[in-house]
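For clarity, every value in this text was computed on a predicted model and none was experimentally measured. Order of the sequence lines fixes the chain letters, A, B, ..., with proteins taken first and strands second; residue numbering starts at 1 for each chain.
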Number of protein chains: 2
Amino acid sequence: MYQGNIAVPEQLRTIEDAECLIESGECPIPPREILDRIAGKWAILIIVSTARAPRRFTELERLIEGISRRMLTLTLRNLERDGLLERTVYPTVPPKVEYRATEMALELYEAMLTLTNWSRKYSSAVAEARRRYDERQAAECDRL
Amino acid sequence: MYQGNIAVPEQLRTIEDAECLIESGECPIPPREILDRIAGKWAILIIVSTARAPRRFTELERLIEGISRRMLTLTLRNLERDGLLERTVYPTVPPKVEYRATEMALELYEAMLTLTNWSRKYSSAVAEARRRYDERQAAECDRL
DNA sequence: CAGTATCCATGTGGATACTG
DNA sequence: CAGTATCCACATGGATACTG
């Protein structure tokens with residue numbers, strides 16, 4: 001049995017309690033939205049790549065493999081709007097714009113690491129569970 | 001300045017380093033997939049509501065407001081496949097099926113709390129950032 | 001350079017009729 | 001009861017031509 005101190009299930013008996021934490025609560029911005037923001041394919045990558053030094057638009061476009069111009073723009077705007085990215089425009093010709101992760105963003109990234117740690121800890125267990133599940137499905141299929 | 005010990009930016013200079021953590025790495029299941037799994041609107045709610053006691057299908061359908069039958073089924077299957085949910089079938093008539101969160105799932109939920117904590121800490125800062133951003137946009141619009 | 005605007009393909013998810 | 005199957009609406013996201 002797992003003996004760690006998971007505080008939450010002790011307090012959360014109902015789905016409403018959980019929704020308080022996940023969906024709404026007293027916060028102006030519900031946690032759900034935060035999750036959505038960073039769950040996107042690109043946001044975390046942008047935060048990380050602007051964490052140590054300011055980056056320019058084209059630089060990010062090159063760094064982040066596979067991102068489209070559209071998605072880069074959209075994600076940058078959203079992150080900037082939420083105060084996770086600082087945008088500095090140098091009014092030169094040609095224009096120069098730099099993006100840099102804010103401290104808030106760095107802490108968010110740190111929080112993300114808790115999840116990646118879980119992932120590292122259990123990834124083989126999950127893989128194993130999937131293998132067994134798929135095996136059972138195949139067996140089921142054969143039987144019919 | 002933020003003085004906490006964010007370990008990662010120290011180690012992660014390039015986007016490739018970050019991708020190691022977020023996208024791939026040596027794990028059989030990349031963290032990205034885990035994020036995708038729980039980022040969905042319903043997964044966490046299901047995990048929480050099956051955390052303290054087994055729940056039946058219809059029970060979940062009633063508990064989790066707004067979920068469609070289709071999404072409930074899909075999410076349950078995915079969670080079961082990943083070993084996050086235990087599915088027990090009682091071969092009675094009518095059938096009875098119970099779902100229960102595994103220990104792995106509880107730990108995942110615990111990890112999620114780090115994010116909701118961030119959210120609680122910064123939600124007003126984010127809201128404020130948004131307000132300012134939108135205000136600037138409106139002013140910009142007026143000027144044109 | 002740093003975007004914006006447009007078109008289009010695909011995926012996601014709701015509603016619901018049907019079934020063992 | 002516990003699903004499955006089907007249809008459809010909408011959002012997401014890629015490619016890319018164009019612009020200040």
Give the minimum heavy-atom separation between [X] and [Y], together with the two atoms involved.
X: Thr102(A); Y: Glu86(A); result: CG2-N, 4.1 Å
X: Ser49(A); Y: Leu60(A); result: OG-CD2, 3.6 Å
X: Ile38(B); Y: Leu108(B); result: CG2-CD2, 3.3 Å

* chain B on DNA chain C: first and last contacting nucleotide, 5' to 3', under 4.0 Å to a heavy atom? -> dG13(C) to dG20(C)

By side-chain contact (heavy atoms from CB on, under 4.5 Å) - contacts of [X] (at least two apart):
X: Arg100(A); value: Pro54(A)
X: Ala39(A); value: Ala39(B)
X: Arg62(A); value: Glu59(A)
X: Val93(A); value: none

Go through the structure and list residues passing side chain to side chain donor-acceptor pair (under 3.5 Å) with [X], not counting sequence neighbours.
X: Arg70(B); value: none
X: Glu61(A); value: Arg69(A)
X: Arg56(A); value: none

* **Pair Arg81(B), Asn78(B): side-chain N/O donor-acceptor within cut-off below 3.5 Å** => no

* Asked: Want to settle it: does Arg70(B) or Arg70(A) sit nearer the 5' end of DNA chain D, counting the closest nucleotide to each?
  -> Arg70(B)

* Among residues 72-86 of chain A, which residues get a heavy atom nearer than 4.0 Å to DNA chain C? -> Thr73(A), Arg77(A)

* Under a 4.0 Å heavy-atom cut-off, which of residues 92-101 of chain B touch DNA chain C? -> Pro95(B)

* To do: Quick one: pull up CD in Glu65(A) and CG in Leu45(A) and give me the separation to the nearest 0.5 Å.
  => 11.0 Å

* Using five pairs at either end of the helix from dC1(C)-dG20(D) to dG20(C)-dC1(D), determine the angle between the two local helix axes and round it to 10 degrees. => 40°

* To do: Let me know the distance between CD1 of Ile67(A) and P of dG13(D), rounded to the nearest Å.
  => 10 Å

* To do: Mind checking Arg69(B) for me? I need base, sugar-phosphate or nothing, with any heavy atom below 4.0 Å counting as a touch.
  => base

* Structure fact -> Applying salt bridge (Lys or Arg N to Asp or Glu O under 4.0 Å) to Arg132(A) and not counting sequence neighbours gives Glu128(A)

